[in-house]
Structures are given as C-alpha cells and as structure tokens.
Amino acid sequence: AAGRDTLCFYDPSMHAQASERAALEVDMRAGLALDQFELYYQPQVDHGRIIAAEALLRWHHPQRGFVSPASFIPMAEETGLILPLGQWVLEAACRQLAQWADDPQLAELSLAVNVSPRQFRQMGFVQQVLATLASTGAAARRLKLELTEGLLLHDVDDCVARMSELKSYGVGFSLDDFGTGYSSLSYLKRLPLDQLKIDQSFVRDVLTDPNDASIVRTILALGSSLGLQVVAEGVETQEQQAFLERHHCHAWQGYLLSRPVPAQEFAALVRAHGAA
Ligand code: C2E
Ligand code: CA
Ligand code: CA
C-alpha cells in the first residue's frame with residue numbers, strides 16, 4: 001500500500017491493531033446514533049474576564065467508559081467518521097451558542113470549535129457551517145473555528161478561499177497548537193486568521209526551560225506584529241499566568257481557572273466569575 005520500492009514487515013500485533021480500530025469505528029458509529037457524545041466547555045479568559053469557551057468532545061462509552069478524544073479523534077480522521085462526528089459537534093456547539101444568546105449573562109460569549117483538516121477540506125464545508133448557523137439561529141460572529149497547521153499540507157489557496165468566505169459572514173479563525181506543526185511563516189500572513197493559540201507544550205515548562213520561554217515570547221511578538229490575538233493554552237499555575245502577563249499575554253485557558261466542564265457547570269462558572 002505504501003508503493004513500490006517500499007519494504008514492510010508484518011507482525012501479528014498489526015492485525016490486533018487493525019481489528020481494534022475496526023471495533024472502535026463500529027462503536028463510534030453506534031455512539032453517534034445512541035447519543036453517547038457530549039460537548040464540554042473550557043473557559044477562556046481575557047484580562048481576567050471569561051469571554052469565550054472552547055468546546056471539547058467527550059465520549060461516554062457504556063463498556064469502554066470514558067474515551068479520550070486524543071485517541072478517538074485521530075482514528076475518526078483516518079476512517080472518515082470525523083465528517084458526521086464533526087457535523088454533530090458543529091450543530092451541538094451552535095445550539096449552545098443560540099441558547100446562551102437568550103441569557104443576558106452569557107450572551108456575549110464566543111465559542112471555539114475544533115475542526116479537523118479532513119472536515120475543513122470536505123466538499124461543501126462552508127455551506128454546512130452556514131446552514132448550521134441558520135438552522136440553530138447562532139450568530140456567526142460568536143463562532144470561532146480552531147484549525148491546525150496540518151491543513152496547510154494541502155491546497156493553501158483553497159483553504160484561504162474557504163476561510164475568507166466564512167469570514168465574510170463573521171466567523172472567526174484560530175490557529176491551534178501553533179508552532180508544533182508544519183506551518184511555514186509565509187502562510188501565516190496569507191491566512192485570514194484572528195488568533196494564534198500557543199500550544200500547551202510550550203507553556204508547560206515556560207518557567208524552567210529558557211527555550212520554551214523564548215518560543216512563547218516569539219509567538220507573542222509575532223502575533224502582535226501581525227495583529228493577531230494570542231491565547232495561551234494549558235495554563236495550570238499562577239506562575240505561568242504571571243509570566244504570560246509580564247509578556248503582555250492576557251488571554252489564556254487552562255486548569256488554573258477550570259477544566260473543561262459540562263454546559264450547566266460552565267454556565268454556573270460564568271455567572272459566579274462574571275462574564276465579559
Ligand atoms: P486541543 O484542541 O489542543 O485541546 C486542548 C486540550 O488540552 C484538551 O484536551 C483540554 O482538555 C486540555 N487542557 C486544557 N487545559 C489544560 C491544562 O491546563 N493542562 C493540561 N495538561 N491540559 C489541558 P482534550 O479535551 O482531551 O482534547 C484533546 C484533543 O482532541 C484536542 O486538543 C483536539 O485536538 C481534539 N478534540 C477535542 N474535541 C474535538 C472536536 O470536537 N473536534 C476535533 N476535530 N478535535 C477535537
Ligand atoms: Ca483546540
Ligand atoms: Ca491546542
């Protein structure tokens with residue numbers, strides 16, 4: 001399958017992996033039909049106020065228990081199941097946005113939704129987003145799509161065209177896991193982005209690893225010179241937050257404020273904390 005002039009070894013564990021994958025795929029399809037997926041929400045703060053949330057997918061499997069998206073999302077990408085799953089996420093997120101709009105304390109919140117490369121590149125994606133906004137009544141300007149650099153391995157012009165069209169309706173874009181992928185800096189100025197997210201792998205050791213500290217400072221400088229908002233993710237300690245603050249990064253998310261939580265808990269958190 002890898003092509004000519006390629007030598008591969010087969011070992012029995014590969015068979016086990018393949019059947020595990022097949023089983024997971026069957027379970028995921030069933031899970032979608034049986035309503036086993038749920039969105040959790042993690043607050044994002046800017047200058048100390050909760051201004052947005054990131055929607056993060058959770059799967060409650062009756063036998064497997066809680067399955068982490070880090071394991072099933074890559075598989076959903078490979079099998080193509082990310083298309084119906086991603087559409088489910090988009091719809092659930094937009095329904096939530098529309099619901100917040102009716103509550104004065106939550107109406108100003110934005111919601112970030114993760115979109116995988118395959119989902120973004122599928123035919124009709126732009127129309128799908130617009131149709132979902134229309135059917136749920138969610139405001140386009142409250143929706144932010146988080147894309148990853150993996151997207152840029154493919155047709156960049158097409159990517160720019162899709163983004164620009166959605167942007168013309170008010171949808172925002174964030175580049176997730178920035179600095180961990182394949183992005184070339186020359187793409188950065190071509191993409192109609194609103195935001196960069198500093199990957200948590202750089203934030204984790206920002207106080208002890210001088211390389212991570214300079215990467216974080218560099219991303220902040222880059223964002224500011226390109227006119228992009230920069231959000232740090234994976235902030236777990238006061239010290240990390242103070243470092244970011246000192247370097248003029250006021251937007252962040254992480255366990256320091258809250259883990260991703262169910263919608264009701266998120267609403268209670270915003271009410272207690274005070275929203276934008
Ligand atoms: P991500 O988009 O980079 O999301 C951030 C991950 O970091 C989340 O993991 C979140 O729970 C976790 N996190 C947040 N704050 C902290 C912190 O302070 N410390 C640490 N150590 N971790 C923190 P999660 O929810 O397990 O999601 C993993 C990945 O799965 C996401 O990474 C994203 O790539 C993917 N994913 C999740 N939901 C969706 C979805 O609806 N669609 C797509 N395409 N991908 C999704
Ligand atoms: Ca994300
Ligand atoms: Ca990330």
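Numbering of residues begins at 1 and proceeds along the displayed sequence. Note that this is a predicted model, so its numbers are computed, not measured. Counting starts at 1 for both ligands and their atoms, following the listed order.
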**Request:** Give the residue, atom name and distance (to 0.1 Å) of the protein heavy atom nearest atom 21 (N) of ligand 1.
**Result:**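 Of every protein heavy atom, Glu236 OE2, 2.9 Å lies nearest to atom 21 (N) of ligand 1.
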**Item:** Per-atom contact, atom 9 (O) of ligand 1, protein heavy atoms, under 4.0 angstrom
**Value:**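 Given the 4.0 Å cut-off, atom 9 (O) of ligand 1 does not count as touching protein heavy atoms.
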**Asked** Would one find an N or O of Asp177, backbone or side chain, under 3.5 Å from an N or O of ligand 1?
**Response**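 It does: an N or O of Asp177 is found under 3.5 Å from an N or O of ligand 1.
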**4.0 Å protein heavy-atom contact status of atom 38 (N) of ligand 1, strictly under** =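 When distances to the protein are checked, atom 38 (N) of ligand 1 has a heavy atom within 4.0 Å.
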**Request:** Using heavy-atom distances, let me know which of Asn114, Leu90, Val235 sits nearest atom 42 (N) of ligand 1.
**Result:**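 It is Asn114 that holds the nearest heavy atom.
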**Item:** Salt-bridge present (Asp157, Arg190; N to O < 4.0 Å)
**Value:**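 The answer is yes: the pair qualifies as a salt bridge.
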**Request:** Under 4.0 Å, heavy atoms only, figure out whether ligand 1 is touched by the backbone of Gln253, its side chain, both or neither.
**Result:**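 Neither part.
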**Item:** Residue Gly254 vicinity, atoms of ligand 1 by number, heavy atom under 4.0 Å
**Value:**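 Here the atoms of ligand 1 in question are 15 (N), 18 (O).
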**Message:** Within the 4.5 Å heavy-atom criterion, are Leu193 and Leu147 side-chain neighbours or not?
**Reply:**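 Leu193 does not reach Leu147 side chain to side chain.
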**Asked** With a 6.0 Å cut-off on ring centres, are Trp59 and Phe66 close enough?
**Response**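 So the answer is no for these two rings.
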**Prompt:** Are Lys197 and Glu54 close enough for a salt bridge, meaning some N to O gap below 4.0 Å?
**Reply:**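 A salt bridge links Lys197 with Glu54.
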**Asked** Of the backbone atoms (N, CA, C, O) and the side-chain heavy atoms from C-beta on, which set of Asp176 has a member under 4.0 Å from an atom of ligand 1: side chain, backbone, both, or neither?
**Response**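 The side chain, only.
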**Asked** For ligand 1, is there an atom lying under 4.0 Å from some heavy atom of Pro260?
**Response**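 Yes; Pro260 lies near enough to ligand 1 that a heavy-atom distance drops under 4.0 Å.
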**Request:** Starting from atom 27 (O) of ligand 1, locate the nearest protein heavy atom and write down its residue, its atom name and how far away it is, to 0.1 Å.
**Result:**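 I find the closest protein heavy atom is Pro69 CG, 3.5 Å.
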**Asked** Quick one: do Glu20 and Arg64 make a salt bridge, cutoff under 4.0 Å?
**Response**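 Salt bridge: yes.
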**Message:** Do Ile219 and Val203 land in one hydrophobic cluster if side-chain heavy atoms of ILVMFWY residues count as linked below 4.5 Å?
**Reply:**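 In one cluster: yes.
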**Request:** Measure the distances from the heavy atoms of Arg204 to every atom of ligand 1 and state whether one is below 4.0 angstrom.
**Result:**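 It does not; every heavy atom stays at 4.0 Å or beyond.
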**Asked** What atoms of ligand 1 come within less than 4.0 Å of a heavy atom belonging to Gln42?
**Response**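 So the atoms of ligand 1 that pass are 14 (C), 15 (N).
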**Item:** Any Glu54 heavy atom less than 4.0 Å to ligand 1
**Value:**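 Checking ligand 1 against Glu54, which is what was asked, there is a heavy-atom contact under 4.0 Å.
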**Request:** Check whether any side-chain heavy atom of Leu111 sits under 4.5 Å from a side-chain heavy atom of Arg142, and report yes or no.
**Result:**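 They are not in side-chain contact.
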**Numbered atoms of ligand 1 (with element) below 4.0 Å of Gln200, judged on heavy atoms** =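 Close to Gln200: 6 (C), 7 (O), 12 (C), 13 (N), 20 (C), 21 (N), 22 (N), 23 (C).
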**Prompt:** Given Val113, which of Leu39, Val89, Leu56 fulfils the side chain to side chain contact (heavy atoms under 4.5 Å, CB included) condition?
**Reply:**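 Exactly one option meets the side chain to side chain contact (heavy atoms under 4.5 Å, CB included) with Val113, and it is Val89.
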**Request:** Considering only protein heavy atoms, determine whether one is less than 4.0 Å from atom 32 (O) of ligand 1.
**Result:**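 Neighbour list for atom 32 (O) of ligand 1 is empty of protein heavy atoms (cut-off 4.0 Å).
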**Item:** Numbered atoms and elements of ligand 1 in range of Glu233, under 4.0 angstrom, heavy atoms
**Value:**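 Near Glu233, the atoms of ligand 1 are 3 (O).
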**Item:** Closest heavy-atom pair and its distance - Ser116, Ile82
**Value:**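 Ser116 and Ile82 have their closest heavy atoms at OG-CG1, 3.1 Å.
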**Message:** Suppose I only count heavy atoms of Val89 and a 4.0 Å limit; which atoms of ligand 1 are within that range?
**Reply:**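 So the atoms of ligand 1 that pass are 41 (O).
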**Request:** Among Lys144, Lys167, Arg141, find the one that has a salt bridge (Lys or Arg N to Asp or Glu O under 4.0 Å) with Asp194.
**Result:**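 The residue from Lys144, Lys167, Arg141 that satisfies salt bridge (Lys or Arg N to Asp or Glu O under 4.0 Å) with Asp194 turns out to be Lys167.
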**Request:** Would you kindly specify which portion of Gln119 sits under 4.0 Å from ligand 1, judged on non-hydrogen atoms: side chain, backbone, both or neither?
**Result:**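 Within the 4.0 Å criterion, Gln119 makes no contact with ligand 1.
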**Prompt:** Is Leu57 touching ligand 1 with its side chain, its backbone, both, or neither, if touching means heavy atoms under 4.0 Å apart?
**Reply:**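 Both of them.
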**Message:** Side chains of Gln36 and Pro62, heavy atoms from C-beta outward: is any pair under 4.5 Å?
**Reply:**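 Counting from C-beta outward, Gln36 and Pro62 do come under 4.5 Å.
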**Message:** If the threshold is 4.0 Å, N to carboxylate O, is there a salt bridge linking Arg29 and Glu25?
**Reply:**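 Yes, this pair counts.
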**atom 23 (C) of ligand 1 protein-contacted (non-hydrogen atom, under 4.0 angstrom)** =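 There is a protein heavy atom less than 4.0 Å from atom 23 (C) of ligand 1.
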**Message:** Taking 3.0 Å as the distance threshold, tell me the number of protein N/O/S atoms next to the Ca ion (ligand 2).
**Reply:**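 Every protein N, O or S atom under 3.0 Å from the Ca ion (ligand 2) counted, the figure is 4.
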**Asked** With distance as the sole criterion, is a donor-acceptor pair present between the side chains of Gln44 and Ser110 under 3.5 Å?
**Response**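 No pair is found: no donor N or O on one side chain lies under 3.5 Å from an acceptor on the other.
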**Asked** Which atoms of ligand 1 are found less than 4.0 Å from any heavy atom of Ser116?
**Response**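 So the answer, numbered in order with elements, is 44 (N).
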**Message:** Do Trp252 and Leu257 make a side-chain contact, defined as non-hydrogen atoms from C-beta onward lying under 4.5 Å apart?
**Reply:**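 Answer yes - side chains close enough.
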**Request:** Carefully, step by step, assess Trp88 and Leu57 under the rule side chain to side chain contact (heavy atoms under 4.5 Å, CB included).
**Result:** CA-CA 10 Å; Trp88 182 89; Leu57 190 56; 3.6 Å; yes
**Asked** Is Arg118 salt-bridged to Glu78, going by a charged N under 4.0 Å from an acidic O?
**Response**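 A salt bridge is absent here (no side-chain N lies under 4.0 Å from a carboxylate O).
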**Message:** Among all protein heavy atoms in this structure, tell me which lies nearest to atom 18 (O) of ligand 1, with the distance rounded to 0.1 Å.
**Reply:**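 I find the closest protein heavy atom is Tyr255 N, 2.8 Å.
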**Prompt:** Taking all non-hydrogen atoms of both residues, which atom of Ala98 and which atom of Ala138 are closest, and how far apart?
**Reply:**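 So the minimum-distance heavy-atom pair works out to CB-N, 4.1 Å.
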